[in-house]
Amino acid sequence: MERYDYAATEKKWQEYWEKHDTFKAETGSKKPKFYALVEFPYPSGAGMHVGHIKAYSGLEVVSRKRRLQGYNVLFPIGFDAYGLPTENTAVKTGVHPRVVTDNNIVKFTNQLKRVGFSFDWSRVVDTTDEKYYKWTQWIFLKMFENGLVFRDKTLVNYCPSCKVVLSNEDSQGGKCDICHSDIVQKTKEVWYLRITEYADKLLQGLDEVNYLPNIRLQQENWIGKSTGAFVNFEIKENGEKLRIYTTRPDTLYGVTFMVIAPEHPIIEKYRDKIANIDALDAYKAECAKKSEFERTQLVKDKTGVKIEGLTAINPLTGKEIPVYVADYVMMGYGTGAIMAVPAHDTRDYDFAKKFGIDIIEVIKGGDISKEAYTGDGEMVNSDVLNGITNKKDAIEKVLGILAEKGVGEKGVQYKMKDWAFNRQRYWGEPIPIVHCPHCGMVPVPYDQLPLKLPPVDNFQPGSDGESPLAKIDSFVNCKCPKCGGDARRETDTMPQWAGSSWYFLRYCDPNNDNEFASKEALKYWMPVDWYNGGMEHVTRHMIYSRFWHKFLYDIGEVPTSEPYAKRTAQGLILGPDGEKMSKSRGNTIDPNDVVDNYGADVLRVYVLFMGDYEQAAPWNDSSMKGCKRFLDRIWGLQDILVDGDEYRSELMSSMHKTIKKVSEDIEAMKFNTAVAAMMSLLNEIYALGSINKAELRSLLIILNPFAPHITEEMYNKIFGGILSEQEWVKYDDALCVDSTIEVAVQVNGKIKAKIMIPAEAEQAEVLGIAKADDAVAAAIDGKNIVKEIYVKGRLVNIVVK
RNA sequence: GCGGGUGUGGCGGAAUUGGCAGACGCGCCAGACUUAGGAUCUGGUGUCUCCGACGUGCAGGUUCAAGUCCUGUCACCCGCACCA
């Protein structure tokens, strides 16, 4: 047998599949549909990463199996091509982002094709294509029309290096997500999408879908729903109502002070009445200097100032209580004011200790002289609540009293904030809005979409964070679509998340110029049956795209309320040193090198074999060579091939067991054990010294999703025809068992012997065989048998005394 | 601090969910073929005081039987983080 020429063979079959549209999805086919989605890549200049290969290989295997099982499979790919790295390259090199993007897309496409992924290449989408972003803008305008878009002047996270406003999501930990510089706070008028309006729907929708439990949990935590109560505290001096939010209204009798955020408007409103306004202003200035990061990092050290001149009244007890300003209360959550119950809240406790405020216990169970007690217990010092031991009952009762007195009511809050939806950058979708001095914000008419990005020479952002578009008069100056008067175009662009919020819809009908996708195509393909991607996208991208999809559902544009029926996530590939791969660490692996030196099939098998698909695992070159050896041995089967139309009895159960194992493991994404099972079978075949045609045919088919090139070649050579057009092989549960099996015999839980028994033997027979064994007989000789256990097909345990 | 996850040979990892711990692969050892081996093939390979015992981060417990269940504890990783 001549050596396997992986380079020539892989090229040959890639060309064949492409030429024959082997993996083309057919909208409207009578076959059952299966829509498998992987996260489309950002086409960076660095090219593909082995992480991409692993991310796509999972559903690649599932898709190839599904096709062999007779499904009409949609397995598309595209490019999420707007974004800062490309623009930064353009700024540095002067090459237009369009050109940079096109080059990178070509590079990525070639790399993906070399790995032999069975994508439907006729459906590629590119978010920066006018024909695509026309519909991104269209959806934005629909949201605008439906009141989900608004502008607001607020403190924003601003990256001084990228000169761009960032969402909370993009500035986690006080560092810019892109360049990792420190974020500063800046007041700016920005665009928002009212995602909070969908908070409940996004939460409830999780019941309709099948996401991995940790994925679901992350989304729930991100949305962060809490239920509690709003309560109005009257201010003694002026009758003003200071409204607070609390999740623990049951502790209302333990309130000894109140705290408001430094930015709370009541300070400005009554600044004349506040005796120590200078001290408050100074404190406020100090807080403004701190970044949000510093503010949240200095958790232990509580600071604040008492307001002299405002006194609150507890609505239940009528007691007067002091009001403080402190930056541990945020304006952005709840009402920006809290009732403080130091006995039962750790933050309030720290503050009260520092400022010498009373601490009143209202729930028994802890030691409030040492620390706050946040657990359950019997209510005390709480008037009508005294004696209640159940938190729920206490809350119910308090809510009743608050309602009766008209000073409070039940309420919910979400951690999720509205989505800051703009960037002062060039390389993004222009926001299709015109600012008219007479008409205000006017949407660009639908028939004028796409609002195209104008050509630019200088991509440098403006000095105060203005978009480069602001410098282009021909773009900025326009007529108001409503009144025809002189107007100015919005110059901000959409954030990178925009294009990826609906790409899965476009795949259904990617070349449609009249709709973002036809109703028929959407009805046929949606929802996505299985979506796999990285954990890092589980909160942002997944929440955003579910939001857009739910909105489109509400206005009747899509047929399903949820976009993704199932979501899984793969683990990272770490560098050979066990650290996260990064250019700076120099521990990256280039998939191109692997394909060059070992072939695409080896790369594919290895990324799936290296460990649990959902777990991170380090790259190991030697281990990968083991996969190369495996495929070489598969090739070598041709040397020991004999005729035969049926599995031989020697391999009967192994064949059925392996087919079953591979079939089931693929569905459970346990690709590593599926490969291991095929390796075991191969070892068995070589030990036997031969394989017949029926056995080889089945083995090639189950290996095909993992290593499509070599299996296609061998199939074609030996059987003629195209493997990708065959049927997935079946197994018979009844034939998965051997007639004679080995079981272990324990005496008092210690293994004493292994015996061969008929698979169907009952306990009495098995025990007879077991006791006839010398080692077992010796171990039980002269002892009393207390108990005898036989676990069918597993083991025997004889308990003696 | 809160939430989630993980701890198993020299390494990556298996273990039908309470039933033979270490499948499969790497590495290593020995042998074969070779002028040669960083190719290929065959065999071996958890540890030790090796006809026996000990072994799944650590300490207990339940059970005929525990990597798996329970209690406590330690370490590491990943999210979120003064969310009222």
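Just so it is clear, the model here is predicted, and its values are computed rather than measured. Every chain is numbered from 1, with letters handed out A, B, ... down the list of sequences.
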Next item on the list: May I ask you to verify whether the side chain of A/K302 and the base of B/C82 hold a donor-acceptor pair under 3.5 Å?
Entry: yes
Notebook entry, point to check: Hey, is the side chain of A/R629 poking within less than 4.0 Å of OP1 or OP2 on B/C26, counting only N and O atoms?
Noted result: yes
Checklist line | Closest nucleotide among B/C26, B/G4, B/C20 to the A/S623 side chain | finding: B/C26
Next item on the list: In whole angstrom, give me the gap between the C1' atoms of B/C78 and B/C69.
Entry: 27 Å
Next item on the list: State the pairing partner of B/G27; accept Watson-Crick or G-U wobble contacts with both distances under 3.5 Å, and report none otherwise.
Entry: B/U45
Margin query: Categorize A/E742 for me: base, sugar-phosphate, or nothing, with a 4.0 angstrom heavy-atom threshold over every strand shown.
Written below: base
Note to self: If you only use heavy atoms from C-beta on, which nucleotide in B/C82, B/A21, B/G27 is closest to the side chain of A/S622?
What the structure shows: B/G27
Margin query: Work out how far the P atom of B/G38 is from that of B/C29, and round it to whole angstrom.
Written below: 11 Å
Next item on the list: Just call it for A/A340: base, sugar-phosphate, or nothing, with non-hydrogen atoms closer than 4.0 Å on any strand.
Entry: nothing
Notebook entry, point to check: To the side chain of A/Q218, which of B/A21, B/G79, B/G12 is closest?
Noted result: B/G79
Notebook entry, point to check: Taking the same atom, C1', in B/C76 and in B/C58, what whole-Å distance lies between them?
Noted result: 15 Å
Check: B/G5 C1' sits how many Å from A/L217 CG, rounded?
Finding: 11 Å
Next item on the list: Check each residue of residues 673-689 of chain A for a non-hydrogen atom within less than 4.0 Å of any atom in RNA chain B, then write out the ones that pass by number, or none.
Entry: A/T673, A/A676, A/M679, A/S680, A/N683
Notebook entry, point to check: Judged by modelled atom types alone, do A/E684 and A/S654 share a side-chain donor-acceptor pair under 3.5 Å?
Noted result: yes
Note to self: Say we look at B/C54 and B/G43: how far apart would their P atoms be, to the nearest angstrom?
What the structure shows: 32 Å
Every protein N/O within reach of nucleotides 62-70 of chain B N/O, cut-off under 3.5 Å:
unit_1: B/C64; atom_1: O2'; unit_2: A/N797; atom_2: ND2; d: 3.3
unit_1: B/C64; atom_1: O2; unit_2: A/N797; atom_2: ND2; d: 2.6

Notebook entry, point to check: C1' atom, B/G67 versus B/G19: distance in rounded Å?
Noted result: 13 Å
Check: Do the non-hydrogen side-chain atoms of A/L574 and A/E579 ever get within less than 4.5 Å of each other?
Finding: no
Check: Under the rule syn = chi within 90° of 0, otherwise anti, which is B/U17?
Finding: syn
Next item on the list: Select one nucleotide: of B/G19, B/G12, B/C41, the one nearest the side-chain heavy atoms of A/R633.
Entry: B/C41
Check: When rounded to the nearest Å, what value does the distance between P atoms of B/U47 and B/U40 take?
Finding: 26 Å
Notebook entry, point to check: Is it true that A/R248 and A/D345 have a side-chain N and a carboxylate O under 4.0 angstrom from each other?
Noted result: no
Notebook entry, point to check: Can you tell me how far P in B/C24 sits from the matching atom in B/U73, rounded to whole Å?
Noted result: 40 Å
Item checked: Short side-chain N/O contact from A/K670 to OP1 or OP2 of B/A15, under 4.0 Å -> yes
Notebook entry, point to check: Roughly how far apart, to the nearest Å, are B/U49 and B/U68 at atom C1'?
Noted result: 32 Å
